[in-house]
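For reference, the structure is listed below as structure tokens.
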Amino acid sequence: MSATTSSERRTTTLDLRQKKERGLPITWLTAYDYPTALAIDRAGLDGILVGDSLGMVVLGYATTLPVTMDEMIHHCKAVARGAHRAFLVGDMPFLSYQVSPAEAVRNAGRFLQEGGMDAVKLEGGETILPALRAILAAGIPVMGHLGLTPQSIHQLGGYRMQGKTAAAARRLIDDALLLERSGCFSIVLESIPARLADLVSRRLAIPTIGIGAGAGCDGQVLVTHDLLGLFDRFTPKFAKKYADLRGEMARAFSQYREDVERRSFPAAEHTAEMPDAEWQTLLDDLGESGAATRGS
Ligand code: KIV
């Protein structure tokens, strides 16, 4: 079997594992809607995460905490309609897996059954073990998420790098090994020191996907709105901006407003007409023969 994922079929967890074994970087982005999923899929990326970053970059919440299961499922469905090759992961939102293992399984199941996802992602290490075990026992693949876990933002005291002390780094390594032993197929490492991410990646057989964790991870993920320059509040230091779509949108919207105000849009090429004979018959019917129309 080829180590590069086939363009004819859906990428699997096995493909991702094989990429790691062969030292091939795994490519991942977030998406929340159909056109973005379609474009990412066509660009040949390995995976798409419908992240709960949705709450901040699409829905305008201050944090990811208000995001609901229904909001996640709505956007997962749109992404699943657009992506036919990339492996699809749905992010379990705050309180969808922390209350009880039974609720966690029911919610994780919705991502596959209703949302069209292939797997789910959960934030945390040892503390999420009961939920993780229950979801895996139901046959649902799970991606872990360690380091900066935005659902614990108030506990962490802000969006700050994690694992900077030897003790914190040791806890993160132990959590990563525990997630692997428990059955996660991959782990996102967010905002941790590069050498720690590199060490974790070498100690694990499952692939690590880094965001703000340096080049030593087995793959990389970015929030697509950061990459495209679409998020208005901030661009994290670790994100590379590949486009300025917010600037492009502002330019296009202003140009459109000016065109409409100057009546230069719609022009002849954007306009359809009925045949002259039909028009004349209508005017005769209405007794309006010879009346001028606006713009004529
Ligand atoms: O919600 C999200 O987009 C994420 C990524 C930052 C990994 O969890």
Side-chain angles (χ1 to χ4, degrees), residues 16 26-33 36-37 40 45-69 71-76 78-79 83 86-98 107-108 111 115 117-125 128 142-153 156 158-163 172 175-176 179 184-192 197 200-201 206-214 217-228 230-231 233-241:
L16 301 172
I26 297 168
T27 54
W28 218 287
L29 280 174
T30 66
Y32 319 97
D33 58 42
T36 311
I40 292 173
L45 275 83
D46 297 306
I48 294 179
L49 170 69
V50 185
D52 63 354
S53 49
L54 158 78
M56 296 175 74
V57 301
V58 173
L59 302 179
Y61 298 140
T63 68
T64 59
L65 299 179
V67 178
T68 65
M69 272 300 299
E71 285 168 340
M72 287 305 303
I73 297 296
H74 177 77
H75 287 270
C76 284
V79 167
F87 188 78
L88 302 179
V89 176
D91 215 358
M92 294 195 69
F94 181 55
L95 288 191
S96 69
Y97 55 97
Q98 292 92 340
N107 285 325
F111 276 93
M117 297 290 103
D118 302 312
V120 295
K121 176 167 82 59
L122 273 65
E123 293 182 7
I128 60 149
V142 177
M143 181 178 233
H145 184 157
L146 295 173
L148 172 54
T149 46
Q151 290 174 17
S152 312
I153 195 65
L156 299 177
Y159 294 100
R160 56 184 69 226
M161 181 178 269
Q162 300 297 306
L172 190 139
D175 272 341
L179 291 183
C184 284
F185 72 87
S186 171
I187 301 176
V188 167
L189 297 176
E190 178 166 356
S191 211
I192 63 170
V200 171
S201 304
I206 58 173
T208 59
I209 309 295
I211 173 163
C217 295
D218 302 304
Q220 297 292 327
V221 60
L222 278 180
V223 170
T224 292
H225 284 54
D226 292 335
L227 174 153
L228 294 177
L230 261 178
F231 186 49
R233 274 180 259 157
F234 58 87
T235 305
K237 187 169 160 279
F238 56 70
K240 181 170 171 185
K241 205 164 143 183

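Read the numbers this way: they start at 1 and go in the same order the structure lists the ligands and their atoms. As the structure is a computational prediction, the values presented were derived from the model and not from experiment.
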Anything under 3.5 Å between a donor and an acceptor, one on a side chain of residues 59-66, the other on a protein residue two or more places apart or in another chain? List them.
residue: Y61; atom: OH; partner: E71; partner atom: OE1; Å: 3.4
residue: Y61; atom: OH; partner: E71; partner atom: OE2; Å: 2.6
residue: T63; atom: OG1; partner: L65; partner atom: N; Å: 3.1

Distance-only side-chain donor-acceptor flag, D46 / T27, under 3.5 Å: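 Short answer, yes.
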Looking at T208 and I187, would you say the former's side chain and the latter's main chain have a donor-acceptor pair under 3.5 Å?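 Between the backbone of I187 and the side chain of T208 there is no qualifying donor-acceptor contact (under 3.5 Å).
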Could you check whether any side-chain N or O of D118 sits under 3.5 Å from a backbone N or O of L88, counting only pairs where one atom can act as donor and the other as acceptor?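 Yes: the side chain of D118 pairs with the backbone of L88.
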What does the contact table look like for ligand 1 (nitrogen or oxygen on each side, cut-off under 3.5 Å)?
residue: ligand 1; atom: 1 (O); partner: D52; partner atom: N; Å: 3.1
residue: ligand 1; atom: 1 (O); partner: D52; partner atom: OD1; Å: 3.0
residue: ligand 1; atom: 1 (O); partner: S53; partner atom: N; Å: 3.0
residue: ligand 1; atom: 1 (O); partner: S53; partner atom: OG; Å: 3.3
residue: ligand 1; atom: 1 (O); partner: D91; partner atom: OD2; Å: 3.1
residue: ligand 1; atom: 3 (O); partner: S53; partner atom: OG; Å: 2.5
residue: ligand 1; atom: 8 (O); partner: K121; partner atom: NZ; Å: 3.0

I need the minimum non-hydrogen distance between L29 and L222, along with the two atoms involved.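 That would be CD2-O, 3.5 Å.
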Quick one: sort the Y159 and F234 rings into parallel, tilted or perpendicular, breaks at 30° and 60°.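 Rings of Y159 and F234: tilted, as their planes differ by 30° to 60°.
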